[in-house]
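Reading through the structure tokens given below for one structure.
Order of the sequence lines fixes the chain letters, A, B, ..., with proteins taken first and strands second; residue numbering starts at 1 for each chain.
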Amino acid sequence: MYALVDCNNFYVSCERVFQPRFVGVPGVVLSNNDGCLISRSDEAKALGLKMGEPFHKVRPFLEQHGVWVRSSNYALYGDMSRRVVEVLSLFTPEVEVYSIDEAFLNLAGLRYAAPDLVQYATEIQRTVAQHVGIPTCVGVAPSKTLAKLANRLARKLPETQPRVWVLDTEAKQQDALRRMPIEDVWGIGRRYALKLRDNGIGTAAELAAMPEPWVRRHMGGVVGVRLWRELHGHSCLSFDPQECDEEGQLVSIGASKRSLTHSRSFGKPLCEHRLLREAVATFVARAAEKLRQQGSAAHVLTVLLGTDKYAPTAGPSTHTTVVTLASASDDTSELTQAALHGLQELARPGVSYHKAGVVLSGLEPATQRQMGLFTKSPELLAQSSKLMAALDTLNARYGRQTVRYAVAADRDPVWQGRSAFRSPRYTTHWPDIWKVN
DNA sequence: TCTGGGGTCCTAGGACCC
DNA sequence: TCTGGGGTCCTAGGACCC
């Protein structure tokens with residue numbers, strides 16, 4: 001059995017923890033650059049506000065209806081997420097963090113015997129609310145896909161009762177499948193939803209009733225079959241628990257990624273080459289930091305520049321160039337050199353760019369890098385990793401970009417994205433911590 | 001004026017090898 | 001009626017997720 005714990009409207013909930021006057025009042029959180037709506041309170045949803053709606057379009061509407069607005073504050077959300085996971089790991093050692101606002105619990109490894117799953121799930125919800133102040137929905141079922149489905153049903157329950165839904169019998173599973181529109185099934189996106197509707201399949205139950213070979217042929221082969229079997233209650237997706245130490249504290253957050261991206265839209269379009277270099281160098285520094293955090297080195301670096309994607313011109317708005325490194329590296333200066341070289345090739349004079357970014361791929365463990373013809377000597381390698389370790393320690397302690405390469409930006413560069421409504425970093429930034437007089 | 005960012009997995013097809 | 005067969009690796013693109 002799996003439980004899916006989902007922090008419904010998570011970013012909105014985080015803001016509400018520190019602004020109780022926001023509770024019960026419609027509110028939204030904006031994406032980076034204050035671009036569009038990415039989290040909405042239930043009250044905001046009831047007003048008809050849609051996910052991903054451009055902020056500038058709905059701004060008058062928001063003001064008119066007294067909807068509060070916040071820019072996104074990932075320092076706050078990331079820390080609150082960590083606290084939620086800490087509470088969950090009190091219940092079972094097997095917690096898989098699926099995203100910033102969702103986690104699967106493997107109930108096969110319960111810390112305490114749980115005769116009643118409803119009661120157990122309710123207790124999880126109550127404890128998270130008490131310790132962190134974040135509301136959750138809990139779905140329990142024999143497969144992840146069904147747990148997700150149960151979770152969506154729990155969401156529809158009124159706030160006045162525990163938002164918990166348990167599928168522990170065949171009859172309850174059948175009932176849940178019948179209630180679930182096909183487009184709300186985990187793993188069915190826009191394309192498949194349309195295709196399935198065309199074939200007269202409108203609910204999860206109708207998909208489950210199709211013969212397996214049909215699903216294999218029309219839904220991407222093994223991917224579709226896995227989904228179909230999950231709907232029948234057979235667990236087919238892997239469970240990847242976080243590692244904990246003896247005291248139950250999480251040691252590492254998530255498995256190593258296969259690629260790493262850092263990209264941002266600019267606050268205003270940029271065409272000056274010096275500023276583009278500054279932005280790209282700044283993004284490389286962040287990407288390299290993430291790379292070292294997971295102990296990887298990258299073989300391939302991609303620089304990307306984006307022009308106005310809403311301009312009515314033909315052709316793609318994102319342009320990329322790929323740089324292959326002679327040997328995998330996690331050194332900011334090497335990666336910066338490679339990126340600036342790529343940028344030189346990519347950037348067209350006189351063109352204004354709206355965003356830029358860096359992708360690191362071809363990742364391998366930094367400790368067992370393959371020796372190549374151009375690999376640095378062990379001495380140089382040791383020197384570089386000492387330097388990077390010192391850089392990361394200083395920046396972790398005194399704030400990002402405290403120590404940086406000269407080509408990267410100082411604080412508050414001219415191209416920085418808009419963030420006009422950001423709340424304080426209540427839990428991670430000393431000057432922002434609440435004072436009680 | 002103003003429209004986010006960061007991932008995963010799978011398949012098909014081409015290049016290349018013996 | 002006819003093309004050898006079987007394997008690996010890489011990449012581009014599609015589909016999905018939060």
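Ion pairing between A/Glu86 and A/Arg82 holds under the 4.0 Å rule for side-chain N and carboxylate O. Taking the charged nitrogens against the carboxylate oxygens, A/Glu183 and A/Arg197 do have a contact shorter than 4.0 Å, which makes a salt bridge.
When the P atom is compared between B/dT3 and C/dC18, the two are found 25 Å apart, to the nearest whole Å.
Note: CG (A/Leu37) to C1' (B/dG4) measures 12 Å, nearest angstrom. Distance CG (A/Leu304) to C1' (B/dG5): 11 Å, rounded to an integer number of Å. Rounded to whole Å, atom P of C/dC16 lies 16 Å from atom CG of A/Leu237. Rounded to whole Å, the distance from NE2 on A/His354 to P on B/dG5 is 13 Å. Counting to the nearest Å, the C1' atom of B/dG6 and the CG atom of A/Leu363 are 14 Å from each other. Rounded to a whole Å, the CD atom of A/Glu53 is 15 Å from the C1' atom of B/dG4. At whole-Å resolution of the value, CG in A/Asn33 and C1' in B/dT3 are 10 Å apart. In this structure, A/Ile188 places its CD1 atom 8 Å from P of C/dC17, rounding to the nearest Å.
Of all nucleotides listed (C/dC18, B/dG4, B/dT8), B/dG4 comes nearest to the side chain of A/Ser265. For A/Ser99, the side-chain atoms get nearest to C/dC18 when compared with the rest of B/dG5, B/dG7, C/dC18. With B/dT3, B/dG6, C/dC18 as the choices, the nucleotide that has an atom nearest any side-chain atom of A/Asp101 turns out to be C/dC18. Among B/dT3, B/dG5, B/dT8, the nucleotide with an atom closest to any side-chain atom of A/Arg258 is B/dT8. Of all nucleotides listed (B/dG6, B/dG4, C/dC17), C/dC17 comes nearest to the side chain of A/Tyr98. The side chain of A/Trp186 lies closest to C/dC18 when the candidates are B/dT3, C/dC18, B/dG7. Among B/dC2, B/dG4, B/dG5, the nucleotide with an atom closest to any side-chain atom of A/Tyr310 is B/dG4. When the nucleotides B/dG7, B/dG6, B/dG4 are ranked by their closest atom to the side chain of A/Leu260, B/dG7 comes out on top.
A residue-by-residue look at A/Lys268 and A/Lys355 shows that A/Lys268 has its nearest nucleotide of DNA chain B further toward the 5' end.
The phosphate of B/dT1 has neither OP1 nor OP2 within less than 4.0 Å of any side-chain N or O from A/His56. At B/dG7, one or more side-chain N or O atoms of A/Thr261 fall inside 4.0 Å of OP1 or OP2 (strictly under the cut-off). Within the structure, a side-chain polar atom (N or O) of A/Ser259 is placed less than 4.0 Å from OP1 or OP2 of B/dT8. The side chain of A/Lys195 contributes no N or O atom lying less than 4.0 Å from OP1 or OP2 of C/dA15.
Residue A/Arg190 is classed as a sugar-phosphate contact, given heavy-atom separations below 4.0 Å to backbone atoms only. Across all strands shown, A/Val185 has heavy atoms under 4.0 Å from sugar-phosphate atoms exclusively, and none from any base.
Just one of A/Glu230, A/His232, A/His234 meets the side-chain hydrogen bond (donor to acceptor under 3.5 Å, both in side chains) condition when paired with A/Thr145; it is A/Glu230. Here the rule is side-chain hydrogen bond (donor to acceptor under 3.5 Å, both in side chains) with A/Thr332, and of A/Arg292, A/Gln337, A/Arg404 only A/Arg292 fits it.
The two residues A/Leu167 and A/Leu146 have their closest heavy-atom pair at CD1-O, 3.8 Å. A/Ala409 approaches A/Trp415 most closely through the heavy-atom pair CB-CZ2, 3.7 Å.
Across the strands present, B/dC18 finds its partner in C/dG5; the criterion is a Watson-Crick or G-U wobble pair with both atom distances under 3.5 angstrom.
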Please list, pair by pair, any protein nitrogen or oxygen found under 3.5 Å from a nitrogen or oxygen in nucleotides 10-12 of chain B.
{"residue": "B/dC10", "atom": "OP1", "partner": "A/Arg226", "partner atom": "NH1", "Å": "3.2"}
{"residue": "B/dC10", "atom": "OP1", "partner": "A/Arg226", "partner atom": "NH2", "Å": "3.2"}

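Sparse packing is recorded around CZ of A/Arg191, with 12 or fewer heavy atoms of other residues, nucleotides or ligands lying under 6.0 Å away. The environment of A/His131 atom NE2 is dense: over 12 non-hydrogen atoms of other residues, nucleotides or ligands sit within 6.0 angstrom.
Checking side-chain atoms of A/Asn73 against main-chain N and O of A/Ser423 turns up a donor-acceptor pair under 3.5 Å.
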